[in-house]
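The structure presented is a predicted model; accordingly, all values stated were derived computationally and were not measured.
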Amino acid sequence: MTVTLSPSDRSRDLSQPLDRLGPDETLKASSDYLRGTISQGPLDRLTGAVAPDDTKLMKFHGIYQQDDRDLRDERRRQKLESAFQFMARVRLPGGVCTPAQWLKMDELARAYGQETLRLTTRQTFQFHWLLKHNLKATIQGLHEVLLDTVSACGDDARGVMCSVNPHLSALHAEVYALSKQASDHAIPRMRAYHEIWYGQERVASSEPEEPFYGRTYMPRKFKIGFAIPPVNDIDVYAQDLGFIAIADETGLQGFNVAIGGGLGRTDQAPATYPRLADVIGFVKPGDVLAVCDAVMGVQRDYGDRKDRSHARFKYTIDDRGLDWIKGDIERRLGFELGEARAYDFVSNGDAIGWRTGDDGRHHLTLFIENGRIANLPGRTLMDGFRDIAEIHDGTFRLTPNQNLTIAQISDEKRPEIERLLEKHGLCGLNRQSALRLNSMACVALPTCGLAMAESERYLPTLLTRIEMLLDRHHLTGEPITIRMSGCPNGCSRPYIAEIGLSGRAPGKYNLYLGGGFHGQRLNRMYLENVGEEAILAALDTTLGHYARERRENEPFGDFVIRAGYVEEVRVGRHFNS
């Protein structure tokens with residue numbers, strides 16, 4: 001089929017027939033603005049799956065079709081269909097969640113999600129194990145508390161991130177409000193979503209269905225985040241578009257703008273690589289939405305629509321040149337960006353424990369290992385947070401490091417919350433080594449279809465063995481960042497960590513060393529396709545050397561570069577391993 005786009009689709013690289021480009025472009029253009037046949041899928045009770053094209057379109061609706069990979073081989077042997085289930089990701093700008101919303105998430109997870117929730121590295125919730133016939137009930141339940149899954153996946157602007165800084169309550173509120181506006185502004189209009197999941201009738205309109213995106217949306221996903229120095233908890237340099245807050249004693253002055261971050265890569269494909277964003281200038285708060293439009297517009301119009309592995313904004317920048325991209329952004333804005341202003345990051349971790357904000361309210365950040373909320377022996381996280389939500393008069397904030405902040409706790413409520421933490425065994429969540437408190441893992445097996453190795457289920461065990469090395473070298477209190485991903489896509493942002501691991505095959509990983517402590521530097525591959533024994537041996541050597549010869553306040557990532565274990569990336573902001 002040949003589909004030729006009209007000028008209203010606004011993509012210069014789509015001036016030729018779509019069937020000469022990537023198949024996903026044809027699919028999007030012919031999908032009737034993401035409707036496809038999605039509405040018919042839940043009606044078919046003979047299979048737990050949906051039509052192949054709909055599996056791609058449903059990502060725009062925040063839904064991934066998956067299957068239980070622990071059962072895959074056995075079901076194949078029995079000639080049974082895979083154990084299909086679905087993941088749904090909630091759109092939750094800046095990770096801010098009301099107690100009423102938390103209670104609804106808890107209710108839906110207990111009813112449809114095998115009594116577990118996942119806090120993600122992009123500050124939102126994921127449901128896993130949803131069955132096809134429960135998708136509509138889940139999404140309608142979210143709608144009851146003004147939540148949705150729009151644009152949580154797909155070729156569009158993903159969930160917008162925002163720093164969580166318990167100290168700076170007023171500044172956080174202002175920056176969060178802008179991040180929420182950016183999210184609401186940048187998502188697709190998605191009339192299909194309301195028709196399919198809420199049962200609204202299709203209404204004829206003379207207005208364009210997608211005035212910004214057109215029928216083919218973005219070439220690939222596009223990530224936006226707002227960071228508040230001195231903490232780079234959102235890893236702003238990993239965003240396609242990052243806003244770095246610049247404030248003084250009078251309040252928020254504006255944002256430095258960073259573009260071109262992205263961590264996905266493919267093994268054995270040197271043309272794919274992680275890249276850190278470049279800071280290109282400064283804008284006032286009132287210009288944030290215009291900057292979103294201008295930057296996304298450049299990628300929409302010039303991003304690669306032939307090769308999806310080359311379709312992220314980072315490649316568009318490297319292909320055309322940073323100066324050219326900045327010039328086109330300024331042309332679309334109608335003004336030049338200001339000169340970038342000074343700022344300083346000191347870490348990309350969370351402020352674990354109790355803090356009192358400048359509003360006088362209390363904030364408790366709890367370590368949630370790999371973001372998994374479930375009732376465990378001696379630690380009933382699901383029950384505990386449900387009980388807290390029932391009495392809490394503030395908010396919850398999901399952090400970019402998979403942790404949870406119970407925020408804006410009043411003096412009156414603090415004793416009650418402390419009692420509930422004790423009752424449910426949650427007081428010990430933060431009593432971990434500094435390494436574990438600075439760890440992250442993606443979901444990986446058994447639900448992720450891309451996973452090549454374990455991650456969430458394995459990292460805690462590996463950390464226990466690394467902690468033995470830390471204890472031997474007297475480094476237990478040293479805050480070293482470690483992140484594990486089950487595949488090269490890097491959802492847990494492993495390529496920024498001081499110690500990074502990406503899965504290659506069952507039990508095999510690439511080991512990366514030398515990332516920046518506050519996310520300012522990519523790491524380098526140290527060992528390729530190795531198992532636990534080799535990983536522990538390498539870390540024993542490097543950690544021992546670090547313990548003996550580190551300089552005062554020298555982070556581990558800086559040391560392994562100075563000691564020559566890996567080379568620092570000196571040219572550009574990306575690498576090819």
Would you say the side chain of Asn232 lies within less than 4.5 Å of the side chain of Tyr237, judging by non-hydrogen atoms? yes
Would you say the side chains of Ser183 and Arg91 form a donor-acceptor pair under 3.5 Å? yes
Taking the inter-plane angle between the rings of His362 and Trp354 on a 0 to 90° scale, is it parallel (under 30°), tilted (30 to 60°) or perpendicular (over 60°)? perpendicular
Short side-chain to backbone donor-acceptor contact, Asp344 and Pro230, under 3.5 Å: no
Just by modelled atom types, is the Leu437 backbone N or O under 3.5 Å from a matching donor or acceptor in the Gln432 side chain? no
Taking every non-hydrogen atom, the tightest pair across Ala227 and Ile234: N-CD1, 3.7 Å
Rounded to the nearest 0.5 Å, what separation is found between the CD atom of Glu339 and the CG atom of Asn256? 10.0 Å
Could you grab the distance from atom CD1 of Ile228 to atom CD1 of Ile246, nearest 0.5 Å is fine? 11.5 Å
Side chain to side chain contact (heavy atoms under 4.5 Å, CB included) between Met484 and Glu454, worked out: CA-CA 9 Å; Met484 174 178 281; Glu454 294 281 1; over 6 Å; no
Quick one: does Asp235's side chain get under 4.5 Å of Leu263's, heavy atoms only? no
Cation-aromatic face contact Arg550/Phe559, 6.0 Å, 45 degrees: no
Is there a donor-acceptor contact under 3.5 Å from the side chain of His363 to the main chain of Thr356? no
If you draw a 6.0 Å radius around CD in Glu336, do more than 12 non-hydrogen atoms from other residues or ligands fall strictly inside? no
Which distance, rounded to the nearest 0.5 Å, do you find between the CG of Leu459 and the OG of Ser485? 11.0 Å
Test side chain to side chain contact (heavy atoms under 4.5 Å, CB included) on Leu103 and Arg386; report intermediate values, then the result. CA-CA 6 Å; Leu103 290 171; Arg386 180 185 60 186; 3.8 Å; yes
Side chains of Ile63 and Ile139, heavy atoms from C-beta outward: is any pair under 4.5 Å? yes
Using side chain to side chain contact (heavy atoms under 4.5 Å, CB included) as the criterion, point out the one residue from Ser455, Cys442, Pro460 that pairs with Asn370. Pro460
Hey, can you tell me if Trp102 and Phe125 have their rings parallel, tilted or perpendicular (30° and 60° cut-offs)? perpendicular
Answer yes or no: is there a donor N or O on one side and an acceptor on the other, between the side chain of Ser347 and the main chain of Val231, under 3.5 Å? no
Quick check: closest heavy atoms across Asp471 and Thr476, and the distance to 0.1 Å? CA-OG1, 3.6 Å
Taking the basic N atoms (NZ, or NE/NH1/NH2) and the acidic carboxylate oxygens, is any pair closer than 4.0 Å for Asp558 and Arg521? yes
Side-chain heavy-atom pair Leu543, Ile480 within 4.5 angstrom cut-off: yes
Please determine whether side-chain hydrogen bond (donor to acceptor under 3.5 Å, both in side chains) holds for the pair Ser163 and Asp233, giving the CA-CA distance in whole Å, both sets of side-chain angles, and the decisive distance to 0.1 Å. CA-CA 6 Å; Ser163 281; Asp233 53 351; 2.7 Å; yes
Checking side-chain hydrogen bond (donor to acceptor under 3.5 Å, both in side chains) for the pair Thr464/Arg436: CA distance, chi angles, key distance, verdict? CA-CA 9 Å; Thr464 297; Arg436 196 173 294 258; 3.0 Å; yes
Could you tell me the separation between the NZ atom of Lys284 and the CZ atom of Phe255, rounded to the nearest 0.5 Å? 11.5 Å
Below 6.0 angstrom between ring centroids: does that apply to Tyr198 and Tyr193? yes
Test side-chain hydrogen bond (donor to acceptor under 3.5 Å, both in side chains) on Asp350 and Thr365; report intermediate values, then the result. CA-CA 8 Å; Asp350 293 331; Thr365 300; over 6 Å; no
Does the gap between the ring centers of Tyr217 and Phe60 come in under 6.0 Å? yes
Any salt bridge between Arg341 and Asp248, counting N to O under 4.0 Å? no
Where is the tightest heavy-atom contact between Leu381 and Asn375, given as atom of each residue plus distance? N-OD1, 3.5 Å
Would you say Arg118 and Met87 make side-chain contact, with heavy atoms under 4.5 Å? no
If only atom types and distance count, is the side chain of His61 paired as donor or acceptor with the main-chain N or O of Met190 below 3.5 Å? no
Contact between Phe385 and Leu426 at the side-chain level, heavy atoms closer than 4.5 Å - yes or no? yes
Does Asn134 reach the main-chain N or O of Leu130 with its side chain, forming a donor-acceptor pair under 3.5 Å? no
How about Gln253: does its CD atom have over 12 heavy atoms from other parts shown lying under 6.0 Å from it? yes
For Ile187, which of Asp148, Val150, Asp156 qualifies under side chain to side chain contact (heavy atoms under 4.5 Å, CB included)? Val150
Answer whether the closest heavy-atom distance between the side chains of Met296 and Phe212 falls below 4.5 Å. yes
Do the charged groups of Asp393 and Arg361 touch, with an N to O distance under 4.0 Å? yes
Aromatic ring pairing Tyr176/His172, orientation class (parallel under 30°, perpendicular over 60°, tilted between): parallel
Tell me whether Glu478 contacts the main-chain N or O of Leu475 through its side chain, where contact means a donor paired with an acceptor under 3.5 Å. no
Out of curiosity, Gln123 CD to Met161 CE, how far, rounded to the nearest 0.5 Å? 4.5 Å
Checking Lys314 side chain against Gly264 main chain: does a donor-acceptor pair fall under 3.5 Å? yes
Can you tell me how the ring of His518 sits relative to the ring of Phe345, calling it parallel under 30°, perpendicular over 60° and tilted otherwise? tilted
Test your reading of the model: is there a side-chain donor-acceptor pair from Arg397 to the backbone of Val164, 3.5 Å cut-off? no
Salt-bridged, Glu107 to Lys104, with N to O below 4.0 Å? yes
When you measure from the side chain of Ser151 to the backbone N and O of Ala157, does any donor-acceptor pair fall under 3.5 Å? yes
Any side-chain heavy-atom pair of Ile499 and Thr481 under 4.5 Å: no
Mind running side chain to side chain contact (heavy atoms under 4.5 Å, CB included) on Lys423 and Asp387 for me, showing each step along the way? CA-CA 10 Å; Lys423 173 184 175 182; Asp387 289 354; 4.1 Å; yes
Between atom CG of Asp358 and atom CG of Leu171, what is the distance when rounded to the nearest 0.5 Å? 8.5 Å
Does the side chain to side chain contact (heavy atoms under 4.5 Å, CB included) test come out yes or no for Thr121 and Gln402, once each step is laid out? CA-CA 5 Å; Thr121 58; Gln402 302 176 310; 3.7 Å; yes
For the residue pair Asn348 and Asn401, what are the closest heavy atoms and their distance? O-ND2, 3.1 Å
With side chain to side chain contact (heavy atoms under 4.5 Å, CB included) as the test, pick out the partner of Gln126 among Leu119, Thr120, Leu117. Thr120
Pair Asp383 + Arg110, salt bridge at N-O below 4.0 Å: yes
